[in-house]
Amino acid sequence: MAKKNKTAITPTREEDYSQWYQEVVKASDLAENSPVRGCMVIKPWGYALWENIMHDMDAMFKETGVRNAYFPLFIPLSYLEKEAEHVDGFAKECAVVTHHKLEKGKDGKLVPAGELAEPLIVRPTSETIIGESMSKWTSSYRDLPILLNQWANVVRWEMRTRMFLRTSEFLWQEGHTAHATKVEAQERTSQMLDIYAEFVEKHLAMPVIRGQKTESERFPGADDTICIEAMMQDKRALQAGTSHFLGQNFAKGSDIKFQNEEGQEAYAWTTSWGTSTRMIGGMIMVHSDDDGLIVPPRVAPAHVVIMPIIKKGGDNTQVIESANLLKKALKANSFHGRKVEVEIDSRDIGGARGWDWVKKGIPVRIELGPRDIANNCVFMARRDTNEKKSMDRDDFINNICDILDNIQDSLFQRALQFREDHTFSIDSKEEFYALFKKAKGYENGAFVNSHWCGSRECEEKIKKDLSVTIRCIPFDSPMEEGTCICCGNASSKRVLFAKAY
RNA sequence: CGGGGCGUAGCGCAGCCUGGUAGCGCGCCUGCUUUGGGAGCAGGAUGUCGGAGGUUCGAAUCCUCUCGCCCCGACCA
């Protein structure tokens with residue numbers, strides 16, 4: 001019968017973390033590789049997750065006055081050149097379109113023809129093309145602010161790809177705003193980061209650290225980049241969202257000018273901010289276990305699966321009927337603005353059926369057989385704790401939202417506890433090096449708060465020696481006298497060091 | 001893009017060294033028996049051996065090239 005000790009996923013996290021991750025993605029049916037290098041197929045179970053993320057984040061953006069729009073996939077090559085640092089940042093990874101048709105060659109095979117006068121790049125991000133529109137739309141301070149967002153795909157020709165975490169094409173949202181004043185743009189930059197933090201913590205149940213990027217980690221062309229960082233179960237950091245204060249750099253490049261209240265011509269102040277399908281990768285790595293995916297209920301493609309106990313050749317009408325009624329009763333509940341989503345799985349494949357749903361990470365599984373029906377009960381299993389118990393059917397229906405909230409909370413608390421257990425303040429260079437040197441695979445170290453003098457040289461040295469980077473200068477890092485973990489010079493603040501995805 | 005590993009059935013793999021026309025486990029299909037955490041027995045289907053060239057009477061196997069995946073670096077959301 002049951003092979004109790006066997007995990008649904010091999011290898012386990014401990015055995016081989018990155019292989020485990022690949023297997024979870026596969027076993028949970030979220031996505032698979034496509035025939036196109038570095039690009040993935042997001043399957044319905046994975047895309048539903050993204051749809052829920054889009055739906056919830058979109059509402060939060062709109063609440064702050066942001067409106068959606070859509071800009072071209074193709075960006076004229078010359079546009080990218082409008083901001084010097086921006087070019088440097090993205091030029092190496094651009095897909096370039098040079099032809100506009102195909103013709104039959106000598107051997108009958110199709111060959112590109114009709115060379116374009118100016119090559120087009122497939123957008124790696126849209127600052128420049130949106131800036132072009134903004135400049136047309138802005139003539140008076142009364143036209144500002146412009147608050148835009150677009151849900152789109154972008155392409156960055158990556159050398160090394162991993163499902164959801166880094167693919168050549170990925171889905172994201174990019175917000176772009178233009179403001180009359182510096183302060184207003186800066187406020188918008190932090191406002192959007194706060195929204196990201198709230199979304200990721202409340203909906204994805206991932207605790208995050210908010211902070212500022214160092215100069216070397218900044219978005220190409222930004223004056224300031226702020227971010228949220230989360231800890232994965234291998235103790236590496238994943239940037240889950242970034243928000244950029246672009247100063248007037250792009251306004252100057254794209255000529256976004258307006259007349260201010262004093263009648264003077266001025267450049268606008270712009271921001272941009274983005275989150276991507278990468279968040280799904282983070283969610284997988286934060287919550288899932290050796291039996292597969294675990295999805296926080298608030299973004300789960302479905303909340304409950306009902307598995308009727310089917311007797312082949314017997315009369316199952318009562319069980320099926322009962323399952324349908326249960327589904328209907330559950331769906332009458334609203335869970336954070338969404339109906340409780342219920343799947344019924346009547347496949348007669350024995351215990352494998354249950355494991356399928358374990359691997360897919362559905363929060364709650366229900367087994368429903370004649371015995372339960374006779375007692376007006378359901379047999380419930382929670383994915384997060386693996387707790388299983390028989391419950392009164394009506395209690396279950398009435399409390400489903402509480403159960404889901406409870407799962408959501410416990411996932412967050414578990415992740416928070418994990419992060420706290422693996423976060424240290426270190427003041428000795430020896431200790432710092434010792435900790436990260438032994439870090440391999442699953443033991444990728446920790447989050448370490450240490451003093452940093454602010455020099456690029458020290459940042460580089462630590463990166464070179466240990467593959468550890470400054471993830472951010474946390475906003476809540478207090479002013480405090482100390483000495484740089486690398487060079488020993490005076491420092492007034494601790495920064496967050498970690499290995500990163 | 002540098003270094004390493006790997007592409008054989010839906011999934012996981014063996015076969016390759018020493019060339020002779022493809023196998024195992026799981027899954028899938030059929031039947032019977034089962035059914036409350038990965039069911040049992042019996043029968044069955046499934047492969048252009050990643051692709052293209054080459055060597056050879058004959059290539060999954062040897063050679064060349066190519067594409068893709070994974071790991072370690074560099075780079076990046």
Pairwise [atom1] distance for [N] and [M], with rounding to whole Å:
| N | M | atom1 | result |
| --- | --- | --- | --- |
| B:G5 | B:C62 | P | 15 Å |
| B:C13 | B:C6 | C1' | 12 Å |
| B:C24 | B:G15 | C1' | 10 Å |
| B:G23 | B:U30 | P | 25 Å |
| B:U21 | B:C57 | C1' | 13 Å |
| B:U48 | B:U61 | P | 16 Å |
| B:U35 | B:A39 | C1' | 8 Å |

In whole angstrom, what separates [X]'s [atom1] from [N]'s [atom2]?
| X | N | atom1 | atom2 | result |
| --- | --- | --- | --- | --- |
| A:R383 | B:G37 | CZ | P | 17 Å |
| A:D356 | B:A39 | CG | C1' | 16 Å |
| A:E32 | B:G7 | CD | P | 21 Å |
| A:I349 | B:C26 | CD1 | C1' | 13 Å |
| A:I9 | B:G12 | CD1 | C1' | 13 Å |
| A:R365 | B:G38 | CZ | C1' | 12 Å |
| A:E23 | B:C11 | CD | C1' | 9 Å |
| A:E367 | B:G38 | CD | P | 10 Å |

Any strand is fair game: report the nucleotide pairing with [N] by Watson-Crick or G-U wobble, both distances under 3.5 Å, or none.
| N | answer |
| --- | --- |
| B:G73 | B:C1 |
| B:U30 | B:A42 |
| B:C11 | B:G25 |
| B:C62 | B:G54 |
| B:C16 | none |

Answer yes when A:R383 and A:D289 have at least one side-chain N-carboxylate O distance shorter than 4.0 Å, and no when they do not. yes
Ionic contact status for A:R456 with A:E215, cut-off 4.0 Å: yes
Using the ring centroid of each side chain, check whether [X] and [Y] are separated by less than 6.0 Å.
| X | Y | answer |
| --- | --- | --- |
| A:H176 | A:F250 | no |
| A:F432 | A:F497 | yes |
| A:W172 | A:W273 | no |

More than 12 non-hydrogen atoms from neighbouring residues, nucleotides or ligands closer than 6.0 Å to CD on A:E14, yes or no?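 No.
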Atom CD of A:Q191: over 12 foreign heavy atoms under 6.0 Å: yes
What nucleotide among B:G38, B:G36, B:C28 has an atom nearest to a side-chain atom of A:A8? B:G38
Measuring from the side chain of A:D348 (C-beta onward, heavy atoms only), which nucleotide among B:C28, B:U34, B:G36 has the closest atom?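 Given the options B:C28, B:U34, B:G36, the side chain of A:D348 is closest to B:U34.
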Which part of the nucleic acid, if any, lies within reach of [X] when heavy atoms closer than 4.0 Å are counted: base, sugar-phosphate only, or nothing?
| X | result |
| --- | --- |
| A:D291 | nothing |
| A:G354 | nothing |
| A:P370 | base |

At under 4.0 Å between heavy atoms, how does the protein contact nucleotides 68-77 of chain B? Give one character per nucleotide, 5' to 3', with B, S or -. SSSSBBBSBB
Going from CG on A:N375 to CE on A:M391, what distance comes out if it is rounded to the nearest 0.5 angstrom?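 One finds 14.5 Å between CG of A:N375 and CE of A:M391.
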Which residue in the set A:K499, A:R236, A:K213, A:R419 passes salt bridge (Lys or Arg N to Asp or Glu O under 4.0 Å) when paired with A:E229? A:K213
